[in-house]
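Single-structure report; data block below.
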Amino acid sequence: MRWRPYLTIAALVLLTQGTAAPAHGAPTFPEARPTPAPSSPEATDTASLAALTAQIQAFARDLERTRRFMGAPKVRVLDIGIRDPSLRDLYFHTLTLEEKTGRLLFEVKGAHEIPPVPPPNDISLQVILGKLRDTHQTLRQVMQDLNIAPAEEPLPETSRSFTQLFSDVLEANRQLNQLLERHISPSDVYQELTLAIGYSARLLARYPDATRIPSEPPFEPDKQPKDVYRRLTECLQIISRIFDSLGLAALHIDPSRTDLDSLQPSDVYLIAAMIVSQLDFLYRYLDIAKSPPQPVYPGLKFPAHSYQRAGILQDQLRQLERFLATDRAITTLPARSQEQEAP
């Protein structure tokens with residue numbers, strides 16, 4: 001599995017210069033590495049689920065103490081429409097939480113965290129728990145530098161479902177953004193979408209007739225975060241159909257209960273990161289070895305730029321859906337189990 005830093009500005013090759021030439025000939029897919037059989041985390045690892053609950057609660061408690069000390073506003077709960085999350089989705093948003101906490105440490109202390117090691121191929125509750133513990137220790141370094149005493153009283157024993165824990169991590173991400181001097185911005189969304197375009201270009205490289213990097217749609221000014229959100233939900237719906245056609249457990253998004261006018265760039269970023277999570281899994285499922293290039297920080301961007309960028313991604317995903325639907329190589333792939341999924 002390829003490693004990517006979410007918020008680090010990487011001085012690497014630009015997308016338009018760093019992609020390989022399209023492959024020629026009929027598309028072929030080598031046998032992918034098998035992953036663990038699907039099962040419910042609640043049913044198979046109740047001890048890890050309880051430990052994960054306690055760890056998220058401990059992090060949230062220290063985050064709240066830090067928020068009050070810094071005088072940052074408290075975010076209200078916002079349903080951004082994500083349904084049926086999996087372990088990989090929780091893992092990717094835990095990585096986002098880790099990167100934001102590292103950014104906070106840099107802003108407060110001027111210290112960089114040691115870059116995290118590449119994640120394992122098999123994601124489990126224990127792996128996520130370890131990542132959350134490391135992230136909590138980074139937050140404790142921030143608190144120590146600010147002379148904020150951590151809470152030591154024991155947490156009450158509570159039971160949380162996997163879906164509730166996923167929502168807890170999303171809310172921690174949203175709250176942590178309010179503590180940052182440089183909030184997640186449209187530029188971060190644009191950079192994340194550029195990475196998603198890189199993934200899609202590599203997925204399309206097996207099809208000689210595909211347009212790997214489509215032309216940009218016309219630039220439309222005056223766009224708001226909600227406009228980018230709507231276009232990204234359409235992208236996720238295409239990905240869900242692709243996953244369904246391959247027999248893979250698919251994440252779904254339901255924007256019907258989302259307060260669109262309350263969406264901020266940081267909320268849109270979470271959806272963009274979710275798209276990268278799905279494409280990363282598809283990448284590994286099809287056993288594509290060459291990673292897409294890391295995008296450079298794009299400079300000042302506005303929602304209208306991200307909206308235009310999402311149009312490129314939408315075009316790519318429509319092509320990918322069409323090519324996969326008629327790809328005989330896909331239908332002859334050996335049967336394999338999926339990664340462990342949450343209910």
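All values below were derived from every heavy atom in this structure, side-chain atoms included, with hydrogens, water molecules and symmetry-related copies excluded.
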Close side-chain approach of [X] to [Y], heavy-atom, < 4.5 Å:
X	Y	answer
I148	V142	no
K131	I128	no
Y91	V127	yes
P150	R140	yes
L251	F243	no
L195	L279	no

Between the main-chain N or O of [Y] and the side-chain N or O of [X], is there a donor-acceptor pair closer than 3.5 Å?
X	Y	value
Q175	P73	yes
T101	T135	no
R309	L193	no
Q164	S161	yes
R88	I123	no
R68	L63	no
E216	Q308	no
S185	S187	yes
S266	I184	no
H183	E181	no

Check whether [X] and [Y] end up in the same hydrophobic cluster, where Ile, Leu, Val, Met, Phe, Trp and Tyr are linked by side-chain heavy atoms less than 4.5 Å apart.
X	Y	value
L78	L232	yes
V75	L263	no
I312	Y190	no
Y207	L246	yes
F302	V189	no

Write down the atom of [X], the atom of [Y], and the distance for their closest heavy-atom approach.
X	Y	value
R65	A149	NH2-O, 2.6 Å
P214	Q316	CD-CG, 3.6 Å
E220	A304	O-CB, 3.2 Å
Q224	P303	C-CB, 3.9 Å
L179	M70	O-CE, 3.4 Å
H93	L270	CE1-O, 3.3 Å

Criterion salt bridge (Lys or Arg N to Asp or Glu O under 4.0 Å) on D259 and R76, from CA distance to verdict: CA-CA 11 Å; D259 183 1; R76 67 182 184 86; 2.7 Å; yes
State whether [X] and [Y] are salt-bridged, where the test is any N-O pair (Lys NZ or Arg NE/NH1/NH2 against Asp/Glu carboxylate O) under 4.0 Å.
X	Y	value
D227	R230	yes
R182	D188	yes
K74	E64	yes

Rounded to the nearest 0.5 Å, how far does [atom2] of [Y] lie from [atom1] of [X]?
X	Y	atom1	atom2	answer
Q314	I197	CD	CD1	11.5 Å
D254	Q237	CG	CD	9.0 Å
Q55	H136	CD	NE2	6.0 Å
F92	I275	CZ	CD1	12.5 Å
L324	I242	CG	CD1	6.0 Å
L313	I213	CG	CD1	10.0 Å

Derivation and outcome, side chain to side chain contact (heavy atoms under 4.5 Å, CB included), residues L132 and L97: CA-CA 8 Å; L132 279 170; L97 190 68; 3.9 Å; yes
Aromatic ring pairing F219/H305, orientation class (parallel under 30°, perpendicular over 60°, tilted between):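 It falls in the tilted class, 30° to 60°.
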Mutual orientation of the aromatic rings belonging to Y199 and Y283 [parallel < 30°, tilted 30-60°, perpendicular > 60°]: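 Perpendicular: the ring planes of Y199 and Y283 meet at over 60°.
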Trace of the side chain to side chain contact (heavy atoms under 4.5 Å, CB included) decision for Y229 with D267: CA-CA 8 Å; Y229 171 86; D267 302 316; over 6 Å; no
Compute whether any side-chain donor of one residue and acceptor of the other, for [X] and [Y], lie under 3.5 angstrom apart.
X	Y	value
R212	S200	no
T96	N173	no
D89	S86	yes
Y269	N177	no

Check against salt bridge (Lys or Arg N to Asp or Glu O under 4.0 Å), R318 and E321: CA-CA 5 Å; R318 286 170 177 162; E321 182 181 24; over 6 Å; no
V268/R231 under side chain to side chain contact (heavy atoms under 4.5 Å, CB included): CA gap, chis, key distance, verdict: CA-CA 10 Å; V268 180; R231 181 162 273 185; over 6 Å; no
Evaluation steps, side chain to side chain contact (heavy atoms under 4.5 Å, CB included), between F162 and L87: CA-CA 9 Å; F162 181 85; L87 285 174; 3.4 Å; yes
Within 6.0 Å of CD in E107, more than 12 heavy atoms from elsewhere: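 Counting other residues, nucleotides and ligands, CD of E107 exceeds 12 neighbours.
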